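Have a look at the structure below, then the notes.
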Amino acid sequence: MEEEACAPGSDVSADGLIAELLDMGFDFDAITAAVGAVGPRRGDVLEALLGGSGTSSGAGAGRGMASRGAAVPVRPVTASSAARPQRPAGKGARLSNPRGRFRQSSITDHIASGTAGRKESGREASASFPCSSAPGDPRVAPVGVDFCSGQGLESAGESEQMGRVSAVVQRHFGFSSLKAFQREVLDAWFAHRDCLVLAATGSGKSLCFQIPALLTTKIVVVISPLISLMHDQCLKLAKHGISACFLGSGQPDSRVEGKAMAGMYKIVYVCPETVLRLMEPLKTLAEKPGIALFAIDEVHCVSKWGHDFRPDYRRLSVLRENFSSSKLKFLKHDIPLMALTATATIPVREDIVKSLKMSEDTTIVLTSFFRPNLRFSVKHSRTNASSYGKDFKELIGTYNASRKFKGKEQQQQIVCEIDPDSESSSYDSLNDSESDDEDAGVDYAGHEDKNVGKTKFGMTLVKENIENELDLYPGVDDFDVSCGEFLECSQPESSGFPAQPNKTSLSECLDQGPTIVYVPTRKETVELANFLCKSGLRAAAYNAKMPKSHLRQVHQQFHCNDLEIVVATIAFGMGIDKSNVRRIIHYGFPQSLEAYYQEAGRAGRDGKMSDCTLYCNFLRVPSLLPNKRSEEQTKAAYRMLRDCFHYSLNTSKCRAKILVKYFGEEFGPDGCHMCDICIDGPPRMHDFKEEAIVFMNVLQGRSGDETEGVIYSSVPHYRSGGRRFGEAPNFRMVVSHIREKLPRFAASDKMWWQGLARILEGLGYIREAAETPRVSMQYPELTEEGLKFLRRSQSEAEPLSAHPDAAMLLAMNDPRPFSDFSEWGRGWADPEIRRQRLAGSRAGRRSRKRERRSRQQQRPTGFTTAKERLAAILSKKKRRR
Ligand SMILES: Nc1ncnc2c1ncn2[C@@H]1O[C@H](COP(=O)(O)OP(=O)(O)OP(=O)(O)O)[C@@H](O)[C@H]1O
Ligand SMILES: [Mg+2]
C-alpha cells in the first residue's frame, strides 16, 4: 500500500492525513478504507467520507461510496469499534496530541477542508455559508421561510459545502433541499456558536440537530421532555438509516445506556433528569468519540414563564458550565448548545438564554410563526356532554359520508374500558355547573391557593383530587415503549417533500386525515370518545392515566391511519408529527395561547389546508387549573389564561395575526384571509359612550347622571389584596349598583359589562387594581386617560365606537333573564313573594328527594343507604376470604 508515500498531487502524507481526519472525529477504519480507495488526497478522501454519508459509520456510508463506484468497505459503528481506542495500524502514525489525548477539531475544518484541499489542519475556517445575522449580542437572524416548499435556498448562491450537506440530507431524508432557517442553524453550528431556534411547529427543527450527526462521527445528544417524543424520533431516524436511542426512566434495556455512552448511537435522546445524572459519562463521551452538540428540544420548558415549565430543564445550565473548553482541556471549542422551540414569547426567549447560560454571541434564528395552511376559528359552546351532539354533528357527518364513499369498514372502538360515571370527578362537577356566573370560575381559582374548594354539591375539593383528573403537564415517562434502541434500518425511508398548499377547496381536503380533539380533563376524553364511537366513528381516548398498552395502541393506530379521532388531554401534544392531521379541535379553554398554538401545530404538517377550531363558553370565565405555583407564576399563569380568553372573544382581528403577534411577530396589514374573522368580517360597530360614562362615573365614586338622581358614591368598596379599604370598587358591585339605580340597565348582563370593561381597558381608560389580576376584571379603577375622557365627554359629542366582543354579542342577541342572587333577593321584603319563593324551593327540595328515592329503589342491589352498601361489600369480601 502506498499510504506512506506522498502520491503525486497529494497535499499531505497519508499518515498525516489519517491523523488529521481522526482528529476531526472520523472513524479510523473508514479513513483507511477511503485512503486505500481514492489515494491520500485530502479532498478526495473527504469527498469519499462525506459523500458516503457524511460519516464514517452507518449503512448510509457504505451505500454512498458504493454509488460512486468506490469499493470501500465501511463498517457501521458497533459497540466494539466505538469503544475501541482508535489507533492507526500504520507505522509512524501521528495521532495523539502531546498529552496523549485526541483533540476535538473544528467542525468547520471538517467540512471546509473537503474543498479547501490545501488548508492546514486545525486552522479556523469561516462559516461555510452566509449568515444574515449581524454580529451582535445576541444575534438575531430573521429568516423568511417558505414553510411548505422550503424554497429560498437556491437563490442564496449555495456553497459547495452546503451542496455536500444537501446531498447527505437528500440521501438520508429524501428532502431536495434544506430550508433557509435550517441553513442558518447549521451555519451557527459550523462556527461553534450556541443557537436559539424559534421556528413554527412542523417547520423541521429536528433536522437542524440531526444533520450534524451525519456530518461527523461525533455524537449528538438531544434533550427532550417526553419519552413518546423521543421514541417517535428514534423510530423515524432508524427508518432513515441513522442509529439512535433514548435514555431515561422509560428505557427498558439497561444495556442501552452503556452502549450510548460508548458512542454506539449517532443520536442519543435523553430527558433532562437523566442528562444531569450522566454528567461524568458524557464527559468521557465528549473526549471520545466526541459530542457534536447538545440540542435542547422544546426549550420553552426551561422558562417559568412558558406554558410547559419543567424544573429539571432549568438545571441544564450545567451543560454550558461543564462542556466548555475552559473546563475540558481536550476541547478546542465549547460544545455548542442548540435550543429549539416553536412557542416562546419574547420574555421566554430571554429567560431561556439566561437560564441555560448560553454564550453571549448566541445566534438567534427566528422564522415566522405563521402557518399559512391553518385556518383558525372559535365557536361558542357549553363544551359539556349536552353539547356534543350539536358540536360534533358536522364532523360525524363528514367521516360517515367519506366512509360510505369508500365502502363500509369495520368499526373499531378502542375507547379504554373506563366507565366515566364510576369516576368521581370533582373538577368536572365544578365544570358541569350550568351557571353562567363568571365568578364561579374566579372563586374557584381563588381557592386554589388554599388547596381546597367546594363544589356546588358541597363536596370538598381537595387539590390532589383535582390533579388526579387533569394532565397538568405530561410527565417524562408519559409513554412506555417496548424498546429504546433504534438501529439503522437497511432500507432508509425516503420521506417525500411536503406538498405545496393544496389548491383544492378546504372542504374537499378536510374530509381526509384524522382529527385530534383536546379536552381539559381525563374524564372528558373517555366520555367524548365514547360518544363519537357510538356515533359510528373510529375514535379513541388518550390520557396519561390510561394503561400503557392502550396508549401504545392509540399511537400505533393513529400513525397507521386506523383511527379517525383521538380525544386527548395535553398528554398527546408535543412532538406528534403526523403529516395528515386535518383538524385540531380544542373543546374547552387551553391554559395559554402558547399551549394552544403548540397543539394546533399538530395539524397540516404536510402543508395542506387544515382546520383549528376552539369551542369554548364565552359566558364563562376560564379558571386556572390547579398546579403548584409561586405568586409570580400565578400572576403569569393568569396573564396567559387572560390572553387566551381575549383571543376567543375577539371579533375584529385576524386570528392568525393575534397568534403570531403573541410571539412578537408583526404580520403586515393583511390578515390570513382564512380565519372566521377574515371570512365573516367584524360585527357592526356600536357607540358605547353612554354606558362608558355611566360605568366610569360609578368608578369615580361620584354622581355622573344628576338627572336620574343617582348617587354613585354609595357603591360599596371592598378590600382587595393589599389595597386599602375603599380604594377600588368590586366589579360585581359596580354592575349591581348600575342595574339597581338605573332602570334602563336593570336587565343588563354582567358579561356585557365585562366586555365594556375590556374595551375601556384596551383604550387605557380603566385598569385592574387587584395585585394579582385574574382573567376578567375584578377591581376596575380609572386612569388619567379615563378622567380626561370623562371631562371631554361633557363638552364634546365624540362617540366611543368599538366592535362588541363575542360575549357582548351573545348577551345582546340572546338576553338572559337577570338571575343572580341580587335578583332572587329583590322583592324579598314582600311577604307574598317570600312565601311563593320559599314554597317553590321547598317543593323543589321535595321533588329532588323523591327522585333520589326512586333512583335508589331502581338499584338492583336494593340497598338504600351507603352504610348498607358498605356492609354488604365488606361481608362479600369476608366470604371470599
Ligand atoms: N428541509 C425539509 N424539506 C422538507 N421537509 C422537511 C424538511 N425538514 C423537515 N421536514 C419535514 O417537516 C416535518 C416536521 O418536522 P419536525 O418534526 O422536525 O418539526 P418541528 O419544527 O420540530 O415541529 P414541532 O415544533 O411541532 O416539534 C417532518 O415530517 C419533516 O420530515
Ligand atoms: Mg420538534
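Here the structure is a predicted model, which is why all the values come from computation and not from measurement. Whatever order the structure lists ligands and atoms in, that order sets their numbers, starting from 1.
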message = Tell me if the centroids of the rings in Y615 and H586 come within less than 6.0 Å of each other.
response = no

What I want to know is whether [X] and ligand 1 share at least one N or O pair that is separated by under 3.5 angstrom.
X: S206; value: yes
X: L178; value: no
X: G204; value: yes

From [atom], work out which of [options] has a heavy atom at the shortest distance.
atom: atom 6 (C) of ligand 1; options: F209, F173, F175; result: F175
atom: atom 21 (O) of ligand 1; options: K179, K205, Q182; result: K205
atom: atom 28 (C) of ligand 1; options: D232, D606, D577; result: D577

With a 4.0 Å cut-off on heavy atoms, is [X] in contact with ligand 1?
X: S203; value: yes
X: S177; value: yes
X: A199; value: no
X: E298; value: yes
X: Q233; value: no

inquiry  = Is it the case that atom NZ in K578 sees more than 12 heavy atoms from other parts of the structure closer than 6.0 Å?
reply    =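 Enclosed: over 12 neighbouring heavy atoms sit under 6.0 Å from NZ of K578.
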
key: Side-chain heavy-atom pair L659, Y647 within 4.5 angstrom cut-off   =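 Yes - at least one pair of side-chain heavy atoms lies under 4.5 Å apart.
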
request  = Under 4.0 Å from a heavy atom of R602: give me the atoms of ligand 1 that qualify, with their elements.
outcome  =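 In order of number, 26 (O).
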
query = What atoms in ligand 1 come closer than 4.0 Å to a heavy atom of A342?
reply = 25 (O)

message = Please tell me whether R371 and T201 have a donor and an acceptor in their side chains that are separated by less than 3.5 angstrom.
response = yes

request  = Calculate, to the nearest 0.5 Å, the distance between atoms OH and OG1 belonging to Y662 and T343 respectively.
outcome  =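 Between atom OH of Y662 and atom OG1 of T343 there are 9.5 Å.
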
query = Where's the contact between T201 and ligand 1, heavy-atom distance under 4.0 Å: side chain, backbone, both or neither?
reply =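 Both the backbone and the side chain of T201 come within reach of ligand 1.
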
ask   = Is E273 salt-bridged to R310, cutoff N-O under 4.0 Å?
value =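 Yes, E273 and R310 are salt-bridged.
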
query = Among all residues two or more places apart in sequence or in another chain, which pass the side-chain hydrogen bond (donor to acceptor under 3.5 Å, both in side chains) test with D312?
reply =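 Applying side-chain hydrogen bond (donor to acceptor under 3.5 Å, both in side chains) to D312 gives R315.
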
Side-chain (W189) to main-chain (F209) donor-acceptor, under 3.5 angstrom =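 No, W189 side chain to F209 backbone: no donor-acceptor pair under 3.5 Å.
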
message = Tell me whether N373 contacts the main-chain N or O of K608 through its side chain, where contact means a donor paired with an acceptor under 3.5 Å.
response = yes

